[in-house]
Number of protein chains: 2
Amino acid sequence: MQNSFTEENYLKIIHALSGREGLEVTTNALAESTSTRAASVTDMLRKLADKGLIHYKKYQGVRLTESGEKVAISVIRKHRLWEVFLVEKLGFGWDEVHEIAEELEHIASKELVERLDSFLGHPRFDPHGDPIPDAKGNLTEPDYLILTDVGVGEKVLMMGVLDHAPSFLQHLDRSGITLGCVLEITEINDYDKSASVRINGSNSLFISLEVSKNLLVQRR
Amino acid sequence: MQNSFTEENYLKIIHALSGREGLEVTTNALAESTSTRAASVTDMLRKLADKGLIHYKKYQGVRLTESGEKVAISVIRKHRLWEVFLVEKLGFGWDEVHEIAEELEHIASKELVERLDSFLGHPRFDPHGDPIPDAKGNLTEPDYLILTDVGVGEKVLMMGVLDHAPSFLQHLDRSGITLGCVLEITEINDYDKSASVRINGSNSLFISLEVSKNLLVQRR
DNA sequence: AAAAAAATTTAGACTACCCTAAAAATAGAT
DNA sequence: ATCTATTTTTAGGGTAGTCTAAATTTTTTT
């Protein structure tokens with residue numbers, strides 16, 4: 001049987017919340033993420049468990065089964081490929097594409113996904129730096145650093161963001177921080193942990209701890 | 001309030017069935033087209049009427065209101081633009097795109113549609129020769145001939161199809177009949193109204209009345 | 001113009017997904 | 001180890017969209 005729009009969203013969110021260790025996800029966390037009440041989550045969990053998509057024991061939280069994992073990763077693949085399309089082909093900003101991709105990710109056709117992938121040149125990362133699962137369902141999370149883990153004087157490459165909120169991404173745009181740029185921490189303020197950062201070797205600016213916490217980077 | 005996937009489908013189908021004269025559409029015709037029962041159609045009609053999207057009097061059939069027409073045409077615009085995308089950019093055959101576009105046509109973002117339109121170079125017709133409504137909602141149906149109305153010796157341009165069934169389109173592919181090709185009727189068989197047709201001035205083939213009835217053409 | 005046939009609507013019910021309120025289970029504090 | 005707070009589940013219910021069966025209206029036939 002086909003999975004509904006709603007079921008796919010639950011699986012996607014369970015995947016995101018269980019992290020790379022595949023930890024148990026709680027009912028309340030799901031209620032929060034799906035903007036529904038805990039009671040509604042319980043209903044859906046029973047249903048997903050009946051379909052063999054999650055491991056579920058009452059009061060014990062949930063994990064994806066292998067089959068549930070497959071569905072979740074397929075949805076993530078579609079979401080991220082469509083985001084690449086929207087940014088690369090249609091010229092949307094990286095702050096504008098999430099909502100639209102939330103709808104596009106549920107289009108079923110397998111053939112469509114593979115042709116889209118090929119049309120886009122088999123991109124490995126989406127416009128926010130998130131890795132795109134391959135056609136076989138392999139998803140390898142690169143182990144980036146968070147900018148807060150980088151010391152003064154170090155030069156790093158900007159590889160992704162943790163926060164996908166439009167307001168955060170627009171803030172980065174205004175600061176001139178883009179995927180792939182070189183960041184060099186020139187100073188860290190002891191008092192509030194705000195930092196001075198040089199971008200691509202030239203203009204320098206202050207960024208708050210809040211921003212640093214959400215920037216994924218890589219040593220070169 | 002937003003219109004649901006299902007509501008949009010009803011409006012689109014009412015538009016199609018009422019033709020360019022905007023004739024009343026019957027409950028049974030809608031039940032047939034939506035693959036549901038007449039009772040279900042009645043329920044939905046009451047709902048659409050409450051929302052001001054259709055004119056509905058019990059037992060009297062329905063017509064779209066101006067606001068319903070706007071929604072229907074927007075859905076048609078999206079459907080046909082996505083079909084162009086699927087064929088022109090992703091390399092699908094014209095026989096493969098209908099189902100996928102049935103899903104894509106319900107993606108809401110207005111911005112997406114306008115950017116897609118622009119990315120595709122503002123196409124006027126979809127891969128089946130159907131006209132694409134413009135951004136303001138103007139839809140002008142070109143007045144093509146049906147091939148059965150063309151006499152022996154006449155040369156016409158192949159402009160569209162009435163039947164969108166994959167099997168019919170595949171049959172045209174095998175016959176070498178494509179959008180824009182020149183068809184010349186060399187002979188019409190009096191017995192079964194099958195015809196001999198020259199394609200682009202060269203190879204000749206037989207086509208049945210059934211096929212002729214579904215080909216839209218234009219005198220040059 | 002009445003009877004028969006066909007089309008349409010109403011009545012009552014089902015599934016998916018969501019809700020609130022109350023009950024039950026787990027976790028935390030003393 | 002028990003009591004309390006928190007989390008989760010159950011119970012009962014609502015809306016959207018579908019169904020079947022029965023009632024009603026319109027159309028067709030005679």
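Being a predicted model, the structure only gives us computed values, none of them experimental. Throughout, protein chains are lettered first and strands after them, A, B, ... in sequence-line order, and every chain is numbered starting at 1.
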Contact under 4.0 Å: [X] side-chain N or O vs [N] OP1/OP2:
X     : N      : result
A/Y56 : D/dT8  : no
A/S4  : C/dA16 : no
B/N28 : C/dT8  : yes
A/T6  : C/dA16 : no

Review point. What parts of residues 32-45 of chain B reach DNA chain C, counting only heavy atoms under 4.0 Å away?
Key: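 When residues 32-45 of chain B is checked for heavy atoms under 4.0 Å from DNA chain C, the hits, listed by number, are B/A38, B/A39, B/T42.
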
Practice item. Can you run through DNA chain C from 5' to 3' and write each base as (, ), [, ], | or . depending on how it pairs? Watson-Crick or G-U wobble, both distances under 3.5 Å. Key: ||||||||||||||||||||||||||||||

Practice item. Check the pair A/F5, A/Y10 against ring pair (Phe, Tyr, Trp, His ring centres under 6.0 Å), reporting the backbone distance first and the verdict last. Key: CA-CA 9 Å; A/F5 190 104; A/Y10 269 86; over 10 Å; no

Do [X] and [Y] get their side chains close enough for a donor-acceptor pair, meaning under 3.5 Å?
X      : Y      : value
A/H164 : A/D130 : yes
B/D95  : B/Q170 : yes
B/H106 : B/N9   : yes
A/S194 : A/D192 : yes
A/W94  : A/D173 : yes

Whole-Å gap separating [atom2] ([N]) and [atom1] ([X]):
X     : N      : atom1 : atom2 : value
A/L30 : D/dT7  : CG    : P     : 14 Å
A/E24 : D/dT7  : CD    : P     : 17 Å
B/K57 : C/dA7  : NZ    : P     : 21 Å
A/E7  : C/dC18 : CD    : C1'   : 14 Å

Check your understanding: So do B/P166 and B/H98 actually touch side chain to side chain, heavy atoms under 4.5 Å?
Key ->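 SC-SC contact between B/H98 and B/P166 ruled out.
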
Check your understanding: Taking C-beta and beyond as the side chain, do A/Y56 and A/T42 meet within less than 4.5 Å on heavy atoms?
Key ->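 In contact.
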
Check your understanding: Between B/R124 and B/D134, is there a salt bridge with N-O shorter than 4.0 Å?
Key ->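 A salt bridge is absent here (no side-chain N lies under 4.0 Å from a carboxylate O).
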
Check your understanding: Of all residues at least two apart in sequence or in a different chain, which pass the salt bridge (charged side-chain N to carboxylate O under 4.0 Å, His left out) check with A/R63?
Key ->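 Counting only residues at least two positions away or on another chain, A/R63 forms a salt bridge (charged side-chain N to carboxylate O under 4.0 Å, His left out) with A/E24.
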
Exercise for review: May I ask you to check whether over 12 heavy atoms, not counting those of B/E141, lie within 6.0 Å of atom CD?
Suggested key: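 It does: B/E141 CD has more than 12 such atoms within range.
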
Practice item. Can you see which heavy atom on A/P133 is nearest to which on A/R77, and at what distance? Key: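 Scanning both residues completely, I find the closest heavy atoms to be O-NH1, 2.8 Å.
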
**Study point:** Positions of residues 67-76 of chain A (non-hydrogen atom under 4.0 Å from DNA chain D), listed by number
**Key:**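 Listed by number, there are none.
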
Point to revise | Sub-6.0 Å ring centroid separation between A/F85 and B/F85 | key: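 Yes.
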
Exercise for review: Select base, sugar-phosphate, or nothing to describe what A/F5 touches, counting heavy atoms under 4.0 Å on all strands.
Suggested key: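 No contact at all - A/F5 keeps every heavy atom at 4.0 Å or more from the nucleic acid.
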
Give me, pair by pair, the N or O atoms of the protein and of nucleotides 25-27 of chain D that are less than 3.5 Å apart, along with how far apart they are.
| residue | atom | partner | partner atom | Å |
| --- | --- | --- | --- | --- |
| D/dT25 | O4' | B/Y59 | OH | 3.4 |

**Study point:** Residue pairs, two or more places apart or on separate chains, that pass salt bridge (Lys or Arg N to Asp or Glu O under 4.0 Å) and touch residues 102-113 of chain B
**Key:**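 Only B/K12-B/E102, B/K12-B/E105, B/E111-B/R115 qualify under salt bridge (Lys or Arg N to Asp or Glu O under 4.0 Å).
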
